[in-house]
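Report on the structure given below.
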Amino acid sequence: MIDNRIKVLLLDTKYKNPNHYICRAIFAALKRAKLVKYVFIASYDNAISLAQNDNYDLFLAFDGEELDVDICSRISHLCKVSVLWVTEDPYEIKANKTNASLFDIVYTNNLDSVSEYSGKACHLPFAADLDFHYHNCDNTKKFLYDVFFVGTAWPNRVEFVNELIQKLPNLKYKIALPYNQYLPKPDLKIPESNWVWKTSNYEFCRFASLSKFTLTLHRNFSSSGENTVASTPGPRIFEVGMAGGAQLIDMTLPEVSLYYEPGKEFLGFTTIDECIDLINTYIDDDEAILKIATAAQNKTIETHKYDDRVSKIIKDTIQRLSIVEEKVSKKINKRKILYVVHNFETRPPYGGVELFVQNQIQALSENYEAYILAPDQNKTGLVLLNSRNKKINKWNFSLSITQFTVLNNEREAVFKDLIREYNFEIVHFHHLLHSPFSYLRIAKEHGVKVVYSAHDYYLICDEWCLIDYKGDFCNVGFDSIRKCAMCNNVVRNKALEYAQIRKNTINSLVNYIDVIQYNHEVVKRIYEDVYPALIDKSVIIPIENPKKTKLITKIFDNKNLKIAFVGNFTKQKGADVFIHAINLLRNTGIEFYILGYVNANYLDIIDVLKFENLTVHGEYSNSDLQNLLNTYAIDISLHISIWPETYCISLSECMDAGVIPIVSDIGAHGARILDGINGFKCSVDEPYLLANKILEIKSNQSVLNTMRKNMIDSIVDFNTYELYNALYDNLPNGLNQYKRPVLAELNKAKYIAHNKLQNIHEVIVNNVIADNKDRVVNNKITKVFRYYKSYGLVRTIKRAYHELRS
Amino acid sequence: MSYDHKSLSILISSASPKESNKNDDLLGYVYEGFIDLLSFSDVRVCDYSEIIQNIRSKKFNLVLIFGSCMPSICGYEDVSYECKKNGMLLAFWMHDDPYEIDFKFKIEKVADFIFTNDRWSSKHYDHEHVHHLPLAASKKHHFRQINSTPIYDLFFCGVPFENRKRILNDLAPYLKKLNTRIFVPGFSNLACNAIDQRLENSLLPDFYSNSAITLNIGRDLNLANDRFQLVPSTPGPRTFEAAMAGALQFYWVDSLEILDYFDENELVLVNGIDDFLQKSEFYLKNPSYALKIKQKCQIKAENSHSYHNRAREIIDTLSIKGFFS
């Protein structure tokens, strides 16, 4: 059986809308409609995504004068039929007419305004809702008031009410005449507290229901300055009808007779004297009043519910669907991608990530037109680069962004304009440092797919290396919030609430990320522990560059070892650990090298310590590393970061060059190397442990030959960029989470690498265990005991934890 | 009911940490309401900062977060994660709607069920399961023996919102003639006998009980209600607390939802200055009528508007919706 029911996307186009309840009533009516398969009420932050996600038959935009043209235009393109229902005609006719061009069908609340839309619009008056507006209307109800009126204090209304009270002073009035700065203060002859009050729409109806007469007085004032008057009555006529209120209606606008029958379903007057006559006639005749109220209520239930209005929209939509050809282009096919970064390749100092982004852009250039958006050198502006790193635009702002910032109007405006102008399909965030986090929301709001690469831990902490107040890796996790509060307080003088507020903010923003990419499983674990909401959005793609050189096959014998510190020589990369360790190894014959940028402070320290066995090569260009390793005949590379690195491209490059790594035992370093199998691992808590490790290796160099073979076998040459291609091709639509099978496919990469290493490990370990099972166990116990005796319980537990993690 | 509520265990937590929670008393009342219904061993109360640890400590059927979610420090993603992991139902009972309703987004994505103190606000949540649940009174803390010979003619205590100042100013010539106790911190106005003094909540019931008339004027102060600019429809907690304390309430009418809780034999509806003058004169001259109203009102509060009643409504509602099946 063919399912002819339609799918509806409803949007209140006014973000701030005191009449939002009408949209809710429409939503409820759509849910009840038999010809509606389902309806979703959207907001600006998810509307495009929803439209992309599903082939909606109808996009119904409620209210028109403040609508976001870009967003509504995109949704209109994505849905088969687009409908605008404007509710402020004729007062906002100018804006409404302009915005009407985005839609296939327009409904206006005002009959007299239909002709203004050049044949495109139909008339659709307001209505009422059973749930919001119905009140019991029978002879059991006891009237509390004689005359009830609520309405903005337009001068004509104030004048009328004053005269009425003056001429009929003994009635029980319930009057509210709220005013604002655009209106003259009403000069009412009763105490201000009697008439300055507000009530909810639901209670408005109850007041009407429990009043003998509910007065309707028209408005003859427009905020736009044009003194126009709506011909069609507003929503309250229908709401009071539904509430079972008897209405006294000003008939200077006679259209009300189209909806209710004068004399039977309401009482009409054209002058105040007529109004007074009617009140005098009916005031003591509760039965007659009830009769009118009941007749109006029945009429409302019969024909003036939002269900009735909605059925017209549905009918028109279905009719249009039958003549409208399927919109061919549902998706914008331009494959444009914007990379948001904190720095780029041509602006030193830069690291592996900047290089990787550039390589990624080149590798994907066949399919993607890429742009880079980055903070400028001073962090007071933004620069836009094309794929060849050429600056094509720049912006300057009044304030720089130095740390975690959620909102920034100036930058947001630029970002919004960029997305609209270039029509980006994907925004890939490689870093948000010096950028407002609201970029994530803005991108999603515009239907752009959002990828975030976690090259460090900036989503978790301002200290993106996760170094705590003691200078160690903080081991952040789900339960760390109190520690984070303390650490932020101690290190950055932040209020104690700061950490929790930051976490809440990120928690709400991660909803806007479609896929988060990690370079290694270990990073994924840390992120997901802190933000479980990321669990279904994760993919692991190591940022490997293509292998460039062939592996060296030299033999280790009892020669002087050459050991290189590789990478920028910074505290986070383990500069302090390195200096302390080589200080202990001065006269060992081991030669040390620093291949990487060294800042002036460390150069001073090195100078003072006068290491005879240390060569500082300094900065090198990316393509030079493997040549340098060969030139200096480096045997061992040091990757001894004190923070949990998220991958470390230089580690891969050293391994590719046949250099055996010694790594710190945390983060991706610790997870990529199995100690004694394809390299060495060392706790970086104490530099002497590194010195010990180096001396051990020196005295037993023959193991390095086996180790190099293992290391070479463990290297996987997969094509990272192909994986990115697959990732971009299969990004989830709308609010759907990443397609599971694709995710699994992409995650294969890590398993290939991991399994190769694991196989080697298992073969070796099993052999050892088979041969020396007891000895291994005993050794471990002895080792633990010795460590405990030397360092105490706390350090032992900490060490054991590190061992177990790795 | 098809459920056996004796088998339920409930964790009640404040929605915000104690430091930023001005309505800490209310949490205690809610806790007592559940204890009346279940037992001490099945109900636990904790501060926002301790929810996670509590969730992990016992298999609760329901985690009920009560209060205001507005402070920036409040987020519930972690709580939601823990509840899901441990198979617990997560419900919220918001007590500051519509004044803070712009922050509803914080709970809409994580809540299994939302209770809100305000009926009109309940229509504006983007959530499948929303139920209106007004605040209430605590018999233990608010009940007083009705005083048939009140000390004061009129009592009022409240923050000086614009509507309250307007009404007190309009009533000034009359209030000057009465023996009043009008506490309005930050608003000193000799013309209407207003005293610039803050009263501890614990002192309110005695004033309610010892006054011939208690003036009840609602709140008019939004902290985060910019988006839909909702006007509250449901009376605030003090209406129920004053009822429990045996007050004769002069309820300044800006919503008739009050009639869903008390009828005109249980409190006095006031519609404007003249109405107030006429009715106050009558009840001050006829204390026996006033006494009858006070008694009826108190009985209604005891029977229908205690936190015990609300606790039952929460459990019944969740049960009817199949959350405990």
Side-chain angles (χ1 to χ4, degrees), chain A residues 12 14-21 24-25 28 41 43 45 131-132 135 142 144-145 172-176 190-207 209-210 478-479 481-482 495-501 503-508 510-511 530-533 535, chain B residues 17 19-20 49 52-53 56 71-78 80-82 84-85 98 105-106 109-110 118-121 123-124 126 162-171 217-218 220 226-234 252-257 259-260 264 269 271-276:
Chain A
D12 184 345
K14 267 191 202 156
Y15 181 75
K16 292 181 180 180
N17 192 352
N19 286 332
H20 180 71
Y21 74 91
R24 294 261 151 204
I41 188 163
S43 55
D45 66 350
D131 182 36
F132 286 4
H135 286 272
K142 182 190 155 204
L144 294 175
Y145 310 101
K172 280 192 254 174
Y173 291 97
K174 191 71 181 172
I175 307 284
I190 48 176
E192 194 175 331
S193 54
N194 283 20
W195 54 269
V196 180
W197 57 281
K198 292 177 283 186
T199 197
S200 66
N201 179 261
Y202 185 86
E203 289 304 303
F204 163 81
C205 289
R206 197 188 321 229
F207 278 111
S209 162
L210 297 180
F478 187 76
D479 288 330
I481 201 66
R482 285 185 182 82
L496 284 171
E497 297 81 19
Y498 176 77
Q500 180 72 62
I501 293 170
K503 188 176 181 187
N504 294 345
T505 308
I506 301 295
N507 250 326
S508 62
V510 297
N511 288 318
V530 177
Y531 299 117
I535 286 171
Chain B
E19 305 85 76
S20 56
S49 57
I52 303 268
Q53 283 76 6
R56 287 177 186 163
S72 10
I73 197 166
C74 304
Y76 309 98
E77 283 81 3
D78 291 354
S80 160
Y81 177 71
E82 281 293 328
K84 281 195 177 75
K85 204 166 81 180
F105 70 90
K106 282 192 179 182
K109 282 203 172 113
V110 296
D118 185 57
R119 179 175 289 159
W120 186 230
S121 301
K123 310 285 184 191
H124 289 78
D126 282 316
E162 286 304 313
N163 59 329
R164 289 174 174 171
K165 287 198 279 188
R166 201 179 301 124
I167 290 165
L168 290 175
N169 280 331
D170 283 346
L171 287 175
I217 309 171
D220 182 16
D226 199 29
R227 191 162 173 209
F228 304 137
Q229 294 148 51
L230 303 181
V231 181
S233 66
T234 306
W252 208 274
V253 178
D254 52 11
S255 163
L256 289 170
E257 196 186 308
L259 295 172
D260 293 343
E264 284 192 278
L269 300 181
N271 292 281
I273 302 300
D274 290 345
D275 197 32
F276 175 88

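Treat the numbers as computed from the prediction; the structure is a model and nothing was measured.
Only the side chain of K109(B) has a heavy atom closer than 4.5 Å to any heavy atom of chain A. For E162(B), no part lies near chain A; criterion is any non-hydrogen pair under 4.5 Å. With a 4.5 angstrom heavy-atom cutoff, L259(B) touches chain A only via side-chain atoms. Within the 4.5 angstrom heavy-atom criterion, only side-chain atoms of K142(A), from C-beta onward, approach chain B. Residue R24(A) touches chain B through its side chain alone, counting heavy-atom pairs closer than 4.5 Å. Only the side chain of L144(A) comes within less than 4.5 Å of a heavy atom of chain B; its backbone N, CA, C and O stay farther away. Neither the backbone nor the side chain of S80(B) comes within contact range of chain A; no heavy atoms are under 4.5 Å apart. Of the atoms belonging to Y81(B), it is side-chain heavy atoms, and not backbone ones, that fall under 4.5 Å from chain A. Only the side chain of F132(A) has a heavy atom closer than 4.5 Å to any heavy atom of chain B. For chain A, the nearby part of R56(B) is the side chain; its heavy atoms alone come within less than 4.5 Å.
For N163(B), the side chain to side chain donor-acceptor pair (under 3.5 Å) test picks out no residue, with sequence neighbours left out.
Taking CZ of R227(B) as the reference point, atom OG of S43(A) lies at 6.0 Å (rounded to 0.5 Å).
K172(A) forms no cation-pi arrangement with F207(A), by the criterion of a distance under 6.0 Å to the ring centre and an angle within 45° of the ring axis.
I481(A) and K503(A) get closest at one heavy-atom pair: CD1-CD, 3.9 Å. Residues I273(B) and W252(B) share a closest heavy-atom pair of CD1-CH2, 3.8 Å.
Of the residues considered (N507(A), N19(A), I175(A)), N507(A) shows the highest number of contacts with chain B, using heavy-atom pairs under 4.5 Å. In terms of heavy-atom pairs under 4.5 Å with chain A, the best-connected choice from V231(B), L269(B), L256(B) is L256(B). Heavy-atom pairs under 4.5 Å with chain B peak, among Y202(A), Y173(A), W197(A), at Y202(A). Chain A forms the most heavy-atom pairs under 4.5 Å with one residue out of Q229(B), E264(B), H124(B), and that residue is H124(B). With respect to chain B, the highest number of heavy-atom pairs below 4.5 Å among L210(A), D479(A), I41(A) belongs to D479(A). With respect to chain A, the highest number of heavy-atom pairs below 4.5 Å among I52(B), D260(B), N169(B), L171(B) belongs to D260(B).
Within 6.0 Å of CZ in F478(A) there are more than 12 heavy atoms belonging to other residues, nucleotides or ligands. The 12-atom threshold is not exceeded at NZ of K198(A), counting heavy atoms of other residues, nucleotides or ligands nearer than 6.0 Å.
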Practice problem: Go through S233(B) and E203(A) one step at a time and tell me if the side-chain hydrogen bond (donor to acceptor under 3.5 Å, both in side chains) criterion holds. | Solution: CA-CA 7 Å; S233(B) 66; E203(A) 289 304 303; 5.0 Å; no
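Ionic pairing of D220(B) and R166(B) is not present here: no N-O contact between side-chain nitrogen and carboxylate oxygen is shorter than 4.0 angstrom.
T199(A) places a side-chain N or O within donor-acceptor distance of the main-chain N or O of D254(B), the cut-off being under 3.5 Å.
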